Each structure stands twice: as C-alpha cells, then as structure tokens.
K.L.:
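Here's a structure for you.
Because the structure is a prediction, the values reported are computed rather than measured.
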Amino acid sequence: MKAVVIQEFGPPEGMEVVELPAPVPGEGQALVAVEATGVAGADVLIRSGALAAYGFKPGHIPGGEIAGTVTAVGPGADPAWVGRRVWAATGVGGGYAEQVAVPVTALHHLPGGLDAVDAVALGGAGVVAHFGLRHARFAPGESVLVRGAAGSLGIMTVQLAARQGASVVAVTTSSRERGERLRGLGATHVLDRSGGGDPDAPGTYDVIIDVVAGPGLPAFLTRLNPNGRMVVVGTVAGPPPADFGMELLTAFQRSLSFATFSAATVPEGERREVTAQQLAAASRGELAGVVHGVLPLERAVEAHRAMDAGEVFGRIVLTAAGS
Ligand SMILES: NC(=O)c1ccc[n+]([C@@H]2O[C@H](COP(=O)([O-])OP(=O)(O)OC[C@H]3O[C@@H](n4cnc5c(N)ncnc54)[C@H](OP(=O)(O)O)[C@@H]3O)[C@@H](O)[C@H]2O)c1
C-alpha cells in the first residue's frame, strides 16, 4: 500500500510517498481501507519538528483521523464491522496511508449520507470544540471570543457556541474573506489578529477559546469580563511569554480564570458519545466541517505547503484508494 512518511523533520519536502506492506489487524483491531484522511495543524507541528521532544522518529506516518471501509478484523474483534463505512481517530499518526489498522474501540459508524471527506473535515475537531467550551463552563447567553477561528478547531467552536446560545460569537482572523465565511457559520463579530477592527464588538468577553497562545496571549487576558474564563486549546503561535500569569494577578479583583484543555483528558465513553452525536448532526446538515480542498494522498507535500503558508480555511482532505 501507499503511505506518506516523514523521512526528515522540517519543511514539507521531508515527506515522501512510499510503498509499505499493508498492516495486519492485531487483537481487537480492524483494518480500514482509507477513503479520506484529514490534514491537521498537529500533523504540521509534528512534521516541522516542533514536537521533537515527544520522540517522533523518521518513518513516522502523519495523520490523526480517517474515514473509509472496514475490510478485515483481527482476533477478538466483532466481524460484523467488516464492510461498514467508518470514521476513526488514529492518534498522533498513521492516517496518511491507504490502509490503517485501528482498535475497533476507535471506530464510529458513518451515518448514511455523510461523505468520508466531510466526516474527516468535522471529525476530531468537533470533540475538542465541544469539551473546550464545557471546560470553559460556557453557558447560554454568555459572550464568546474564538481566537484563531479560521482553523478546524475554531470553525467547530464558532458553530457550537452559536448553536448553544451564545449572545456574541466574536472571532479573530487575518482575512476579511475568512471572516465573512465565519459569519456564515455563526460569528457575530470579526476581529483582526490583535483583537481590533470592529468598533461594534464588545470590549470584553465571558469566555475566550484560544487556539493561538504565543506572545499575543496576555493582551487577550485583559479582554475577559469579571469571572471570565480563557481556555487555551492550541498553541499555533507557540508558547506565551513566561510571565503571562501576571495579567491575571494584576486583575486579581476581577476573578479571572486561565486553563488549558486537551481532549486527551476526556473519558473515552464521553468522547465517543459526542463524536457519534456530531457525525449524526453533520449527516442532518446541522453541523458543517469546512473542506478547504481535496488532494490525493500523493500530494501531501502540497497540502502541507498550503498549511505552512497559512492559506487554509477549514481542512485539507487527502483521498486514498485503499479499498
Ligand atoms: N486541545 C486539544 O485537544 C487539541 C486537539 C488537536 C489539536 N490541538 C492543537 O490545535 C492547534 C491546531 O488547531 P487548528 O488546526 O484549528 O489551527 P490552525 O488552523 O493551525 O490555526 C488556526 C488559525 O490561527 C491563525 N493563526 C495562525 N498563526 C497565527 C499567529 N501567529 N498569530 C495569530 N493567529 C494565527 C490562523 O488564522 P488567520 O490567518 O485567519 O488569523 C489559523 O487559521 C495545534 O496547536 C494543535 O496542537 C489541540
């Protein structure tokens, strides 16, 4: 089978399409013939070498989510899965391949009418958005700012906050056109990356969901209402300054909260339940994964170049012919 491997960490050109033996499903695993695999911000961070501390080695296959059809199961796995169309999270890698072996516990039945490409555009991002808002103790009627809304996490957070009754859903983006598309998904105010650019937007918010972090983070802590909560779900601009907590201490009397959130801390059962609900909502047209473009697996380098250039709104989806 064809797979994309990172031969050298750094620029996208360090990835290469290679022929590998098809995986054999082990105990409790299913073999999925991949139709579509998502290109995520995390794949880019791994490929760039930014996450070298986590021990990724040359030969790593990127890709954290796939959709396709189960073609075989290993010992102890229910053979009824064979022939079913599924979505699955594959963890920190493995998805950029024509065939992937995953635990059957990671499989979700694809509801009728939901395309494999749309499923991976929605996939894991919806779960992070759902539980990120819950971590922020978001309640209907509150105002929300999504910082870095143009990626898949932000797109899902905007939709969920709007659906769950936010009074305001402000977003930051560097692009006017993306801002208009975010309005179409539920944003009420579009700000530039510094948080300015819309004189009608509120100055402060009850909840800030931050995908960006980086040097600009402290300035957004000052944009919280009393009892406001900021939750960092991504660090696309790198870590914040070491002394960022001083903003919280200086504003002591406003009872502000800062937290990080990773979906890895959500119990598996809860994650599964929300994923199933969101895939069903997407099949009814109530939630939308935004597909930036569709490329064959062989053009993964091109997809990563577009990610590096900041050109992507939503998700690039790679297609494979594993079946
Ligand atoms: N918490 C979890 O459980 C979880 C799970 C999966 C991934 N993640 C993390 O989430 C992040 C990826 O999420 P994503 O794919 O939604 O994000 P993304 O698409 O990589 O970035 C989101 C948006 O941030 C803006 N941006 C990029 N660089 C910026 C900068 N230097 N300053 C300000 N804005 C900037 C860009 O929009 P504009 O150009 O329009 O401003 C970009 O579209 C990674 O950090 C990944 O590790 C977290």
Side-chain angles (χ1 to χ4, degrees), residues 1-52 54-74 77 81-82 84-108 110 115-117 119-121 123-125 152 291-308 312 315-323:
M1 66 157 190
K2 283 196 181 68
V4 176
V5 296
I6 302 172
Q7 304 287 30
E8 208 173 321
F9 293 93
E13 293 71 23
M15 293 190 298
E16 196 184 340
V17 181
V18 297
E19 277 293 333
L20 291 177
V24 176
E27 180 81 29
Q29 286 190 325
L31 186 65
V32 180
V34 176
E35 288 172 45
T37 183
V39 177
D43 306 346
V44 173
L45 289 174
I46 292 169
R47 185 224 74 221
S48 71
L51 303 183
Y54 292 91
F56 294 102
K57 299 269 183 313
H60 177 78
I61 301 175
E65 56 187 298
I66 55 167
T69 302
V70 175
T71 54
V73 292
W81 279 107
V82 176
R84 286 196 197 162
R85 296 188 66 242
V86 295
W87 174 89
T90 59
V92 294
Y96 292 12
E98 287 182 326
Q99 301 193 56
V100 180
V102 287
V104 286
T105 51
L107 298 178
H108 281 269
L110 265 193
D115 190 60
V117 168
V120 294
S152 53
V291 179
H292 177 87
V294 180
L295 291 171
L297 194 61
E298 291 82 353
R299 289 168 66 183
V301 167
E302 208 176 303
H304 275 234
R305 282 190 194 126
M307 293 286 284
D308 281 2
V312 179
R315 186 153 279 191
I316 298 181
V317 177
L318 303 174
T319 51
S323 45

K.L.:
Measure from the side-chain N and O atoms of Ser152 to the backbone N and O of Arg315, and report whether any donor-acceptor pair falls under 3.5 Å.
P.N.:
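It does not hold such a pair.
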K.L.:
Tell me if a side-chain donor or acceptor on Arg47 pairs with a main-chain N or O of Gly10 at a distance below 3.5 Å.
P.N.:
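Present.
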K.L.:
For Ala89 and Val102, work out which heavy atoms get closest and say how close.
P.N.:
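Between these two residues, the closest heavy atoms are O-CG1, 4.5 Å.
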K.L.:
Take the angle between the ring planes of His60 and Phe56 and call it parallel below 30°, perpendicular above 60°, tilted in between.
P.N.:
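Plane angle over 60°, so perpendicular.
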K.L.:
When you measure from the side chain of Glu35 to the backbone N and O of Ala116, does any donor-acceptor pair fall under 3.5 Å?
P.N.:
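Side chain of Glu35 to backbone of Ala116, a donor-acceptor pair under 3.5 Å: no, none is there.
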K.L.:
Does a side-chain heavy-atom distance below 4.5 Å link Glu98 with Val34?
P.N.:
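Answer no - side chains too far apart.
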K.L.:
Going through the checks in order, is the side-chain contact (heavy atoms from CB on, under 4.5 Å) test met by Gln7 and Met15?
P.N.:
CA-CA 6 Å; Gln7 304 287 30; Met15 293 190 298; over 6 Å; no
K.L.:
Do the side chains of Val73 and Pro25 get nearer than 4.5 Å, heavy atoms only?
P.N.:
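Sidechains of Val73 and Pro25: no contact.
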K.L.:
Restricting to non-hydrogen atoms, name the atom on Leu110 and the atom on Ala119 that form the minimum distance, rounded to 0.1 Å.
P.N.:
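Heavy atoms of Leu110 and Ala119 come nearest at CD2-CB, 3.5 Å.
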K.L.:
Does any non-hydrogen side-chain atom of Leu297 lie less than 4.5 Å from one of Val17?
P.N.:
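No, too far: nothing below the 4.5 Å cut-off.
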K.L.:
To the closest 0.5 Å, what do you measure between CZ (Arg299) and CZ (Arg305)?
P.N.:
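The CZ atom of Arg299 sits 10.5 Å away from the CZ atom of Arg305.
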K.L.:
Determine yes or no for a side-chain-to-main-chain donor-acceptor pair under 3.5 angstrom, with Thr37 supplying the side chain and Glu65 the backbone.
P.N.:
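Yes, the answer is positive, given that a donor and an acceptor are paired below the 3.5 Å cut-off.
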K.L.:
Check Ala30 against Val104 and note the closest heavy-atom contact, atom names and distance.
P.N.:
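Nearest heavy atoms, Ala30 then Val104: CB-CG1, 3.8 Å.
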K.L.:
Using side-chain heavy atoms (C-beta onward) and a distance below 4.5 Å, is Val32 in contact with Leu107?
P.N.:
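SC-SC contact between Val32 and Leu107 confirmed.
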K.L.:
Do the ring planes of Tyr96 and His304 sit parallel (below 30°), tilted (30 to 60°) or perpendicular (above 60°)?
P.N.:
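It falls in the perpendicular class, over 60°.
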K.L.:
Considering all heavy atoms of both residues, which atom of Ile316 and which atom of Ala303 are nearest to each other, and what is their separation?
P.N.:
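So the two residues come closest at CD1-O, 3.6 Å.
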K.L.:
Nearest 0.5 Å please: distance from the CD1 atom of Ile61 over to the CG atom of Leu20.
P.N.:
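Rounded to the nearest 0.5 Å, the CD1-CG separation comes out at 5.5 Å.
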K.L.:
Please round to the nearest 0.5 Å and tell me the distance separating atom CD of Gln99 and atom CE of Met1.
P.N.:
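Interatomic distance, Gln99 CD to Met1 CE, rounded to 0.5 Å: 7.0 Å.
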K.L.:
Looking only at heavy atoms, which two atoms of Ala300 and Leu318 are closest? And how far apart?
P.N.:
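That closest heavy-atom pairing would be CB-CD1, 3.9 Å.
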K.L.:
Check whether more than 12 heavy atoms from other residues, nucleotides or ligands sit under 6.0 Å from atom CD of Glu298, and answer yes or no.
P.N.:
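Counting neighbours around CD of Glu298, more than 12 heavy atoms of other residues, nucleotides or ligands fall under 6.0 Å, so yes.
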